Amino acid sequence: MSDNGHKVVELPETLTVRHLAELIHVSPIEVIKQLMANGVMANINQQIDFDTAAVITQELGYEAHLHKDELEAPAAEAEAPAWRRAMEAEDASKFTPRPPVVTILGHVDHGKTSLLDAIRSTDVAGGEAGGITQHIGAYQVQHKERLITFLDTPGHAAFTAMRARGAQVTDIVILVVAADDGVMPQTREAYAHAKAAGVPIVVALNKVDKSNANPDRVKQQLAELGLTPDDWGGDTMVVPVSAKKRSGIDDLLEAIVLTADNTRILANPAGRVIGSVIEAELDRAKGPISTLLVQNGTVHVGDVLVAGTAHGKIRAMYDFRGQPIQEATPSMPATVLGLGDLPQAGDVIEVLPSDREARTLASQRKLSAREALNLPKKALSLEQVFAKFQAGEVKELNLILKADVQGSLEPIVSSLTQLGNADLKVNLLYAETGNITENDVMLASASSAIVIGFNVLVDHAAQRAAESEHVSIRQYDIIYRLMEDVEKALKGLLGPEKREVVIGRADVRAIFSTSRMGKVAGCAVREGELRRNARIRVMRGGQKLFEGEIASLRHEKDDVREIRQGFECGVAVKGFEGFQAGDVLECIVMETV
């Protein structure tokens with residue numbers, strides 16, 4: 001009780017109306033009424049700042065104090081990772097620092113694997129490098145009595161796939177850039193994935209020992225990317241290293257420790273268990289083997305574990321060297337035996353009191369998964385983003401932009417970044433030239449983003465991923481229409497979306513000349529179907545050659561309305577006769593969503 005008779009309540013810097021109501025034990029309606037009386041229109045899920053909350057709490061008989069020990073949520077995440085949400089219910093006084101979890105990303109030839117090997121051989125948790133008896137996707141290194149956990153992921157696709165499944169295990173990203181090669185498209189892609197995850201980035205400037213290394217040129221490229229080096233007045237640590245000569249590794253580990261100290265990476269070892277599956281495999285002798293990374297709490301042999309739809313009692317547990325252990329503490333990678341099924345990488349783990357409860361939860365999840373398969377697939381649309389904004393769930397429209405050439409990309413980026421207002425603005429996660437790929441879709445899935453293409457095609461793998469991950473892809477060939485749609489979305493005025501769908505593909509096997517139709521392509525339908533009233537796109541070497549209407553569709557001697565997978569047909573296209581054997585015909589229809 002304070003001097004003025006008000007009860008004291010500790011509040012974070014920002015919180016929702018619902019959370020504030022819970023803290024001061026009143027109805028959310030009462031809080032909304034007080035906000036309205038003070039000229040603030042807010043719904044139950046709306047975020048309000050500390051100053052606003054302090055005024056409301058005072059009028060409801062409380063005195064607000066700012067809670068200093070609050071964990072900062074990552075800026076780019078629409079929803080905090082599971083372990084952060086779990087820790088919101090933990091006693092802040094029991095938080096202790098845990099080892100940072102580090103992922104190394106970068107261009108394919110810039111030395112990620114060599115750098116991991118160099119770090120591993122420097123000091124693997126104070127032991128011999130040869131002590132590692134199995135590959136479990138993660139290991140720990142000791143630097144000045146501090147442990148660091150490294151994830152041995154194959155690249156940013158796996159990093160983002162885990163985020164798409166609800167896990168965010170990485171605390172710090174090391175972006176490897178070769179000093180002789182500089183920032184490459186894959187570097188920019190890796191940076192976009194790390195930035196979308198909202199984790200701090202340390203740059204490892206590799207291959208500085210090479211005669212053609214040009215660190216200053218690379219630093220300039222990094223600054224243009226948004227990673228201004230600290231020695232240029234920025235806040236990104238850029239550490240020169242040579243994985244080949246094993247130099248600069250200690251400096252890199254020191255940079256990781258400094259970044260971890262600034263990020264406040266904490267856990268409660270005695271709290272609720274939360275963690276993620278790093279990888280899983282089926283061993284013929286031992287059954288399902290899963291590698292886990294605990295982020296809060298402690299996992300013990302004998303605990304009943306649920307990971308996604310898999311569950312079981314832990315029979316045995318091993319550290320990254322393959323040595324038996326009885327418990328795994330926060331940030332400690334561990335291999336476990338005992339789960340009945342194989343979980344998926346990125347599945348969130350938790351410990352339950354009994355096998356019966358674990359079996360019930362796993363069964364419920366399996367049922368939900370089966371039901372989800374039967375539901376119509378709905379991608380997050382621009383309209384839904386605005387609806388989420390009105391409900392107080394989002395404050396920005398996440399976009400991924402792919403354009404045909406740099407000359408198109410730059411004016412679109414410039415225009416998009418000027419749209420919106422303080423309440424709802426465009427957040428451009430990634431902008432690059434080239435066709436829309438599966439990587440773009442996975443980044444969109446993990447970040448609740450929409451993919452926008454300008455004069456580009458969608459890879460077949462990207463199309464499949466967009467359907468399974470429920471990601472919206474919108475394609476344009478006129479800049480002002482693209483800008484108009486995004487602006488309408490920000491204002492909540494967008495009408496139904498028309499979407500291009502490839503319903504079939506056929507391979508051109510031979511070309512025939514006819515007196516009535518001119519050149520006709522003899523085709524075999526590879527997948528889906530060709531329809532007489534649809535449009536045809538002629539593809540050669542992955543590039544669009546022509547797009548137009550079907551003039552004739554014949555099976556043997558008959559005109560047909562459609563032809564399905566496995567059958568052969570003759571196709572004539574209005575305004576095009578330049579077919580070659582090996583061309584691919586894509587059949588396209590427009591759907592209204």
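These figures come from a predicted structure and were not determined experimentally.
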Colleague: May I ask you to decide if A243's main-chain N or O and N206's side chain share a donor-acceptor pair within less than 3.5 Å?
Modeller: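 Yes, because the side chain of N206 sits within donor-acceptor range (under 3.5 Å) of the backbone of A243.
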Colleague: Please check if any side-chain donor atom of D440 sits under 3.5 Å from a side-chain acceptor atom of T437, or the reverse.
Modeller: yes
Colleague: Go through the steps to decide whether C587 and I536 satisfy the test side chain to side chain contact (heavy atoms under 4.5 Å, CB included), and finish with yes or no.
Modeller: CA-CA 5 Å; C587 188; I536 280 287; 4.2 Å; yes
Colleague: Measure the CG-CD1 distance between L222 and I201 for me, rounded to the nearest 0.5 Å.
Modeller: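 That separation rounds to 10.0 Å.
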Colleague: Are L292 and P333 packed together at the side-chain level, in the sense that at least one heavy-atom pair is separated by less than 4.5 angstrom?
Modeller: no
Colleague: Please walk me through it: do V486 and I452 pass side chain to side chain contact (heavy atoms under 4.5 Å, CB included)?
Modeller: CA-CA 10 Å; V486 175; I452 288 184; 3.8 Å; yes
Colleague: Is there a donor-acceptor pair under 3.5 Å between the side chain of Q475 and the backbone N or O of V456?
Modeller: yes
Colleague: Search all heavy atoms of E562 against all heavy atoms of L553 and return the closest pair with its distance.
Modeller: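 Closest heavy-atom pair between E562 and L553: CA-CD2, 4.0 Å.
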Colleague: Treating Q221 as the side-chain partner and V183 as the backbone partner, does any N or O pair qualify as donor plus acceptor under 3.5 Å?
Modeller: yes
Colleague: Once you round to the nearest 0.5 Å, how far does NZ of K574 lie from CD of E549?
Modeller: 4.5 Å
Colleague: Looking only at non-hydrogen atoms, find the nearest pair between A465 and E438 and report the distance.
Modeller: CB-CG, 3.9 Å
Colleague: Please report the shortest heavy-atom distance between A581 and R509, naming the atom on each side.
Modeller: CB-O, 3.8 Å
Colleague: Report the distance from atom CG of D485 to atom CD1 of I450, rounding to the nearest 0.5 Å.
Modeller: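 Reported to 0.5 Å precision, the distance equals 10.5 Å.
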Colleague: Minimum heavy-atom separation for L339 and G312, please, with both atom names.
Modeller: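 Result for this residue pair: CD2-N, 3.6 Å.
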Colleague: When you compare the side chain of R526 with that of V584, does any pair of heavy atoms fall below 4.5 Å?
Modeller: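 Yes, their side chains come closer than 4.5 Å.
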Colleague: Just wondering, are more than 12 heavy atoms of other shown residues or ligands nearer than 6.0 Å to CZ in F567?
Modeller: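 Counting neighbours around CZ of F567, 12 or fewer heavy atoms of other residues, nucleotides or ligands fall under 6.0 Å, so no.
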Colleague: Do V199 and D171 come close enough that some side-chain heavy atom pair is under 4.5 Å?
Modeller: no
Colleague: Is the shortest side-chain heavy-atom distance between V538 and L585 below 4.5 Å?
Modeller: yes
Colleague: Look up atom CD1 in I563 and atom SG in C523, then write down how far apart they are to the nearest 0.5 Å.
Modeller: 10.0 Å
Colleague: Determine the minimum heavy-atom distance between S276 and I349, stating which atoms define it.
Modeller: N-CG1, 3.8 Å
Colleague: Quick check against the 3.5 Å criterion: does T187 have a side-chain atom that pairs as donor or acceptor with the backbone of M184?
Modeller: yes
Colleague: Is any side-chain heavy atom of Q580 closer than 4.5 Å to a side-chain heavy atom of V508?
Modeller: no
Colleague: Check the surroundings of atom CZ in R481: do more than 12 heavy atoms from other residues, nucleotides or ligands lie under 6.0 Å from it?
Modeller: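 Not buried by this count: 12 neighbours or fewer within 6.0 Å.
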Colleague: Can any side-chain N or O of D477 pair as donor or acceptor with the backbone N or O of N455 at less than 3.5 Å?
Modeller: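 No, D477 side chain to N455 backbone: no donor-acceptor pair under 3.5 Å.
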Colleague: I need the Q463 CD to L457 CG distance, nearest 0.5 Å.
Modeller: 10.5 Å
Colleague: Can you find a heavy atom in the side chain of E189 that is under 4.5 Å from one in the side chain of E432?
Modeller: no
Colleague: If we only count heavy atoms from C-beta on, is the P288 to D341 side-chain gap below 4.5 Å?
Modeller: no
Colleague: Is the backbone of L530 close enough, under 3.5 Å, to the side chain of R564 for a donor and an acceptor to pair up by distance?
Modeller: no
Colleague: Is a side-chain N or O of N398 found less than 3.5 angstrom from the main chain of S447, in a donor-acceptor match?
Modeller: yes
Colleague: Run K207 and D181 through side chain to side chain contact (heavy atoms under 4.5 Å, CB included) and show every step you take.
Modeller: CA-CA 9 Å; K207 305 186 183 182; D181 206 12; over 6 Å; no
Colleague: Has E556 got more than 12 heavy atoms of other residues, nucleotides or ligands less than 6.0 Å from its CD?
Modeller: no
Colleague: Does N435 offer a backbone N or O that forms a donor-acceptor pair with the side chain of K402 under 3.5 Å?
Modeller: yes
Colleague: Is any side-chain heavy atom of L116 less than 4.5 Å from a side-chain heavy atom of Y139?
Modeller: yes
Colleague: Give, for atom CG of L337 and atom CD1 of I314, the distance between the pair rounded to the nearest 0.5 Å.
Modeller: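 It is 9.5 Å, given to the nearest 0.5 Å.
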Colleague: Sub-3.5 Å donor-acceptor pair from the side chain of R532 to the main-chain atoms of I550, do we have one?
Modeller: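 Yes, because the side chain of R532 sits within donor-acceptor range (under 3.5 Å) of the backbone of I550.
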Colleague: Please step through salt bridge (Lys or Arg N to Asp or Glu O under 4.0 Å) for the pair K519 and E577, ending with a clear verdict.
Modeller: CA-CA 5 Å; K519 290 280 195 299; E577 295 192 349; 5.0 Å; no
Colleague: If every non-hydrogen atom of I473 is compared with every non-hydrogen atom of A462, which pair is closest and at what distance?
Modeller: CD1-O, 4.5 Å
Colleague: Around atom CD of E527, are there more than 12 heavy atoms from other residues, nucleotides or ligands closer than 6.0 Å?
Modeller: yes
Colleague: With side chain to side chain contact (heavy atoms under 4.5 Å, CB included) as the test, would you mind laying out the steps for F320 and T149 before giving the verdict?
Modeller: CA-CA 10 Å; F320 67 91; T149 303; over 6 Å; no
Colleague: Is it the case that the side chain of S445 and the backbone of V441 share a donor-acceptor pair, with hydrogens and angles ignored and the cut-off at 3.5 Å?
Modeller: no
